[in-house]
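For reference, the structure discussed in these notes is given below.
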Amino acid sequence: MTQQEKNFEGSLKIRLYNTKSREVELFQPYFAPRVGIYSCGMTVYGYAHVGHIRTYTNSDVLRRLLEYAGYQVTQVMNVTDVGHMTSDEDAGEDKLELGARREGKTPWEIAEFYEDHFFSTIAECNITRPEVISRATEHIGEQIGLVKRLEDNGYTYKTDVGVIFDTSKFGRYAEFARLDLEGQEAGARVAVDDQRRNPQDFALWITNQPNHIMQWNSPWGRGFPGWHIECSAMAMRYLGDQVDIHTGGIDHIPVHHTNEIAQSECATGRQYVKYWFHSAFLNVDGRKMSKSLNNLYTLDDVRARGYSPLALRYLFLNGFYRRDMNFTWEALESAQRGLARLWGACAELPAPTGVVIPGFIEKFESAISNDLNTMNALAVVSGVLETKGPPESKASTIYKMDEVFGLDLANSRTRLSDFWRLRGLRPEHKMQAESMADKREKARKNKNFSEADRLRDRINNMGFQVEDTPQGPKIVPMFDFDFAAMRKPVCGHCGVDEKTGC
RNA sequence: GGCGACGUAGCCAAGUGGUCUAAGGCAGAGGUCUGCAAAAUCUCCAUUCGGCGGUUCAAAUCCGCCCGUCGCCUCCA
C-alpha cells in the first residue's frame, strides 16, 4: 500500500466488479485520493438512445459514488467524430461521412449536431458532465505520436491499408476477453485481408483512401486514425499512462477494449487500466434494440410520451448495471409513478438541517459500495420515509444518499412541476380547478353535499383530485389524465368544454 | 456451428448455502380517518424461487439433465 493510499484509509470501502479478473475487487486507485476515469463516449453520427443513457447513467452513478467516498474524480469522455467504418473493414465508409452524405452536410456538421444532442440528453438525465470532453479530431497529433511509439517498439507493419498492429506480438492479447483465437473462424463475417498477418490485427493509421473527406498528414502519408487508437491516445493525454477505471458498454470487451489494451500496453510497457467497468445492455420488449425493429427510443420519445428524463434514471437505478435490463413503456410508467411519489414525499420535507440517521446511511453505504447495488440502496430510501424520526433528519439522510442516485430529490418541488408541465398541465387549468374547489368548500360549509360532490366531479373531469387537508382543499393533478389533450378552452364555471357550456 | 447470460409474485426487479416463513418500486385488496371521497395511516398481497433429479444437517442459492427466453461471435452503450 502506498503512502497516499494509507492516508486515504477510513473512507468508504468500495467493491467493484472488474472485467479483467471477472471478480468483485476492493477498489484502490493508483494515487488516492485522485481517481481517473475514462469513459468510452459516442460515435456522433446518430441520436443517443435509451440504451446509451443507461450506460452513461451507470458510469455516472459510479463517479458519484467515488466522490461520495471522498475521491477527487477526473472523468474523461471521448467524442468519436472520425474513423469508424460501417463494417469491420478498414476500407469501408466512415460512418460520419455516410451520415453527412445522407443529410447533405459535412462530417463536421454532422458530428457537431449529434454531439450537442448527446450532451443535452445526458444533461437532462442528470448525468454529470465529465471534466474533460475530448474529440478525436482534435487529438490527431497524440494519436500519430502513439502510433509512432508502437512503430518504434516494433509492433506494427504496413499494408496497402496503412499501419497495422501486429496482435501476435502481444502475448496477452486474448486474455482480457478470454478469446478463443483458434476457434474463431477467420473471415466468417469479414472479408479476409491477405496482407494481414493475423485475423485480429487492426489498423492504427489508414492511408490510401482518397475519397475520405477527413484526412490529416502523417509520417505514413495523408490519412486518418483507425478506430481504437483515439481512446488510448486521449486517455493517456489526460490521465497518464495508467488509468484507474475505464467504463463502457459490454459490447466493447472483445474488440475495442481488447485492442485498446494491446496498443496501450505495448506502447508504455505498463498496465493500462486497473479496473474495467462494463454496463450490460438494455433490451426493449425483450429484444435487442435495433433500427430494423424500430425500437431505438430517444429521450425525445420518452418525453413525448409524458415521462421525465429522470424517470429513466430511476428505472435504471432499480436494476443491476451488470445485468441485461428489459425496457418496456409499462416499466417506465411504474418508474415514473414511483419517482413522482418520491418527489412528492420529499417536497413535503423541511430543509435538511437534521443529523443524518446512522442506521440508514450505513445500510445505504453497504449496499451502494457493494458493486453498486443501487436497488437495495434505493430500498433504504423507502425505509427512511417510513420511519418516525424528525423530518429534518429524514431530509438530510435522503439528500445525502441522493448525492449518488442523482434524482435531484432536493429540488423535488421544481421537478414535480416540471413533470406536470411535461404532461401538458397549464397554470390556467389549475387555477380553474382551484376556484372550483373554493366553491365546493363553500357548499360543504353549508352542508350542501350534493352540490359539493357535483363540483368535485367537475374537478375530477378536469384532471384533478381534491385533497381536503387541515389547511383547506388542495388540488393535485391526476396521474392518468391527459392534460395535453385538454388544450381547448375550458368553462371556468363547470370545467366542461366552453362551447358546450354548463 | 462456437461461446455466454437469464428464467424469482399481475409488471419491473434484488437476493447466489442457514439471518429467506424471499428486499424495494408499480399495480391490487381491506381497516382506520372522512358528510362521502381523496390524501394520510395501518394491514394484507410468492409456504415459494421454469421443470425434474442429485449433493448437503440445510438450496432460490451448488451439480446434472430437460424446457423456455435472450445475447455475443461483425460496427454498436
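Lettering of chains follows the sequences in order, A, B, ..., and the numbering in each one begins at 1.
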Exercise. If the plane angle is over 60° it's perpendicular, under 30° parallel, otherwise tilted; pick one for A/Tyr56 and A/His52.
Key: parallel

Quiz item: Are a donor atom and an acceptor atom from the side chains of A/Tyr321 and A/Asp371 found within less than 3.5 Å of each other?
Solution: yes

Quiz item: Any N or O donor-acceptor pair linking the side chain of A/Lys288 to the base of B/rC72 at under 3.5 Å?
Solution: no

Quiz item: In a check of salt bridge (charged side-chain N to carboxylate O under 4.0 Å, His left out) between A/Asp468 and each of A/Arg440, A/Lys474, A/Arg456, which one passes?
Solution: A/Arg440

Self-check item: Distance, rounded to the nearest Å, where A/Gln336 contributes CD and B/rC12 contributes C1'
Solution: 15 Å

Quiz item: Which residues satisfy the side chain to side chain contact (heavy atoms under 4.5 Å, CB included) test with A/Thr19, sequence neighbours excluded?
Solution: A/Tyr17, A/Arg22, A/Phe176, A/Ile253, A/Trp276, A/His278

Practice problem: Would you sort out whether A/Leu204 and A/Ile164 count as a side-chain contact (heavy atoms from CB on, under 4.5 Å), showing the intermediate values? | Solution: CA-CA 6 Å; A/Leu204 295 167; A/Ile164 309 295; over 6 Å; no

Quiz item: Which whole-number value in Å describes the distance from A/His278 NE2 to B/rC76 P?
Solution: 12 Å

Quiz item: Starting at CD of A/Glu23 and ending at P of B/rU16, how long is that distance when rounded to a whole Å?
Solution: 16 Å

Exercise. Mind running a 4.0 Å heavy-atom check of residues 56-63 of chain A against RNA chain B and sending the residues that fall below it, in number order?
Key: A/Tyr56

Practice problem: Would you mind building the protein contact string for nucleotides 33-39 of chain B? One character per nucleotide, 5' to 3', B for base within reach (heavy atoms under 4.0 Å), S for sugar-phosphate only, - for untouched. | Solution: --BBBBS

Quiz item: Do you know the tightest heavy-atom contact between A/Gly306 and A/Gln336?
Solution: O-OE1, 4.1 Å

Quiz item: When you compare B/rC42 with B/rA5, how far apart are their C1' atoms, in angstrom units rounded to a whole number?
Solution: 42 Å

Self-check item: Side-chain donor-acceptor contact under 3.5 Å, A/Tyr272 with A/His257
Solution: no

Self-check item: A/Gln200 CD - B/rC73 C1' separation (whole Å)
Solution: 13 Å

Exercise. Could you go through the side-chain hydrogen bond (donor to acceptor under 3.5 Å, both in side chains) check for A/Glu365 and A/Tyr68 one step at a time?
Key: CA-CA 10 Å; A/Glu365 289 182 354; A/Tyr68 177 96; 2.7 Å; yes

Quiz item: What integer number of Å spans the P atoms of B/rU74 and B/rC3?
Solution: 15 Å

Self-check item: Salt-bridge contact A/Lys20-A/Glu25 (side-chain N to carboxylate O under 4.0 Å)
Solution: no

Practice problem: Decide yes or no on ring-ring contact (aromatic ring centres under 6.0 Å, His included) for A/Phe464 and A/Phe483, but give the supporting numbers first. | Solution: CA-CA 10 Å; A/Phe464 293 89; A/Phe483 290 100; 5.5 Å; yes

Quiz item: Among side-chain atoms of A/His256 and A/Glu260, is any donor-acceptor pair under 3.5 angstrom?
Solution: yes

Quiz item: Measuring from A/Met77:CE to A/Arg135:CZ, what's the distance to the nearest 0.5 Å?
Solution: 13.0 Å

Quiz item: Can you list the steps and then say if A/His429 with A/Phe481 is a ring-ring contact (aromatic ring centres under 6.0 Å, His included)?
Solution: CA-CA 12 Å; A/His429 294 146; A/Phe481 197 80; 8.5 Å; no

Self-check item: RNA chain B stem ranges, 3 or more consecutive Watson-Crick or G-U pairs under 3.5 angstrom
Solution: B:1-7 with B:67-73, B:10-12 with B:24-26, B:28-32 with B:40-44, B:50-54 with B:62-66

Quiz item: Using a cut-off of 4.0 Å on non-hydrogen atoms, how would the nucleic acid contact of A/Asn460 be classed: base, sugar-phosphate, or nothing?
Solution: nothing

Quiz item: Rounding to the closest angstrom, what is the interatomic distance between B/rC63 and B/rG4 at atom P?
Solution: 13 Å

Exercise. Take atom C1' in B/rG50 and the same atom in B/rC45, then report the distance between them in whole Å.
Key: 22 Å

Taking only N/O atoms, report every protein-nucleotides 3-8 of chain B pair under 3.5 Å with atom names and distance.
residue: B/rG7; atom: OP1; partner: A/Arg323; partner atom: NH2; Å: 3.2

Practice problem: Identify whether any heavy atom of A/Gly319 sits under 4.0 Å from a base atom; if not, whether one sits that close to sugar-phosphate; answer base, sugar-phosphate or nothing. | Solution: sugar-phosphate

Quiz item: For every nucleotide of nucleotides 22-28 of chain B, 5' to 3': is a protein heavy atom under 4.0 Å from its base (B), only from its sugar-phosphate (S), or from neither (-)?
Solution: -BBBSS-

Quiz item: Can a side chain N or O of A/His252 be found less than 4.0 Å away from OP1 or OP2 on B/rC76?
Solution: yes

Quiz item: Over how many whole Å does the gap from A/Leu282 atom CG to B/rA13 atom C1' extend?
Solution: 14 Å

Quiz item: When the ring planes of A/Tyr114 and A/Tyr47 are compared, do they come out parallel, tilted or perpendicular, using 30° and 60° as the limits?
Solution: perpendicular

Self-check item: Euclidean distance, atom OH of residue A/Tyr38 to atom P of B/rA77 [Å, nearest integer]
Solution: 13 Å

Quiz item: Closest nucleotide of RNA chain B for A/Ala280 versus for A/Arg287: which of these residues is on the 5' side?
Solution: A/Arg287

Exercise. May I have the distance from A/Asn283 (atom CG) to B/rU69 (atom C1'), rounded to whole angstrom?
Key: 11 Å

Quiz item: What's the shortest heavy-atom distance between A/Phe202 and A/Arg196, and which atoms?
Solution: CA-NH1, 4.0 Å

Quiz item: Any side-chain donor paired with an acceptor under 3.5 Å for A/Tyr238 and A/Glu131?
Solution: no

Quiz prompt | Gap between atoms CD and P, on A/Glu260 and B/rC76 respectively (whole Å) | solution = 11 Å

Quiz item: Does a donor on one side chain and an acceptor on the other come within less than 3.5 Å for A/Asn198 and A/Asp201?
Solution: yes

